[in-house]
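Here's the structure we're looking at; comments come further down.
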Number of protein chains: 2
Amino acid sequence: MKGRKGLLEILRDKGYRLTPQRMIVVEAIEASDDHISAEEIRDMARAKYPYINMSTVYRTLELLVEEGLVTETDLGGGRSLYHPTMKAQHHHLVCRKCAKVKDIDASVFQRLKGELKSQYGFDADLEHVGIFGTCEDCHD
Amino acid sequence: MKGRKGLLEILRDKGYRLTPQRMIVVEAIEASDDHISAEEIRDMARAKYPYINMSTVYRTLELLVEEGLVTETDLGGGRSLYHPTMKAQHHHLVCRKCAKVKDIDASVFQRLKGELKSQYGFDADLEHVGIFGTCEDCHD
DNA sequence: TTTCTTGCAAAGAGTTTGCATTCCA
DNA sequence: TGGAATGCAAACTCTTTGCAAGAAA
């Protein structure tokens, strides 16, 4: 059962207070199989809690990212998406035409990551990447 | 000499008017060896022209991107950088710590692009990609 | 109690848009 | 001249921040 602590327990162990707002944000992120936006978190939160302020959502996300518990990914449009770090690695193919997002396995990137490291000494954050392009359905 | 038309000529041939503002924006993009931001374009423009409005800069960039003459790249922070499409392909390694940007050759991505196409039918826009991580100098 | 968190409102940054005016072709 | 392009100002989106009020431990 080790390594299976929920994000909330980890936060508490680190000395952070477990407020209802934080519990709700964490729950929303853990419940989402996929990436989730700050806005979606607020909407999910509202279902369980009359109201949660966006600054609280952002502050909680900031905390989770700082603690390395959640990954922040820029999928374009100046919008960030969040994802629990411990979940299986994957990436996203974002279609510029229909805006659909398809998840793909991380293995495709392993070689690239290795090459960037050996050739440039660059330690690439490729845990959760968005790749833009045209998907199968929208191909001309 | 073919395939060596400047962006301005191409625009004119397509029926767009060659205003001073457009000439200045195009000149700034062509002069920049690297990627350039909307703000940098405005600053470069001001050196030659008393004033150019940001909406004009953005509208010109939008036009150039629509026409496929310029590439728009999201290097994070909700900021876009622009680059002439015809210039040599390259990518960027962006260090999260020192914020330095290192240009790398596009060849590293060829295999990845091929795999995304064959495995997922996804036509990835990998002309000009920003990869985040930690550079050699900042490595712990 | 006491310090950490929240909510509110306002401020940001970067970008987009409506509309009247200007100007290229 | 006439439609395309510009400038201006206001709006817009997403996110951050200061500060007083509230609540977890």
[atom1] of [X] versus [atom2] of [N]: gap in Å, rounded?
X	N	atom1	atom2	value
A:R12	D:dA24	CZ	C1'	13 Å
B:E62	C:dG14	CD	P	19 Å
B:L8	C:dA25	CG	P	11 Å
A:L18	D:dA25	CG	P	6 Å
A:Q21	C:dG7	CD	C1'	9 Å
B:Y16	D:dG3	OH	C1'	14 Å
B:M54	C:dT17	CE	P	15 Å
A:E39	D:dC12	CD	P	15 Å

Can you tell me if the side-chain N/O atoms of [X] get under 4.0 Å from OP1 or OP2 in [N]?
X	N	answer
A:T56	C:dG7	yes
A:R59	C:dT5	no
B:S55	D:dC8	no
A:N53	C:dC8	yes

A:L11 side chain reached by A:L69 side chain, heavy atoms, under 4.5 Å
yes

State the CG-CD1 distance between B:D123 and A:I131, to the nearest 0.5 angstrom.
12.0 Å

Rounded to the nearest 0.5 Å, what's the gap from CD on A:E67 to CD1 on A:I10? Could you check?
9.5 Å

Taking only the side-chain heavy atoms of A:R22 (C-beta and beyond), determine which of C:dT6, D:dT6, D:dA24 contains the nearest atom.
C:dT6

How about NZ on A:K48, more than 12 heavy atoms from neighbouring residues, nucleotides or ligands closer than 6.0 Å, or not?
no

Under 3.5 Å, is there a donor-acceptor pair between the side chain of A:R22 and the main chain of A:R17?
yes

Nearest nucleotide by nearest heavy atom, which residue falls closer to the 5' end of DNA chain D, B:R17 or B:Y51?
B:R17

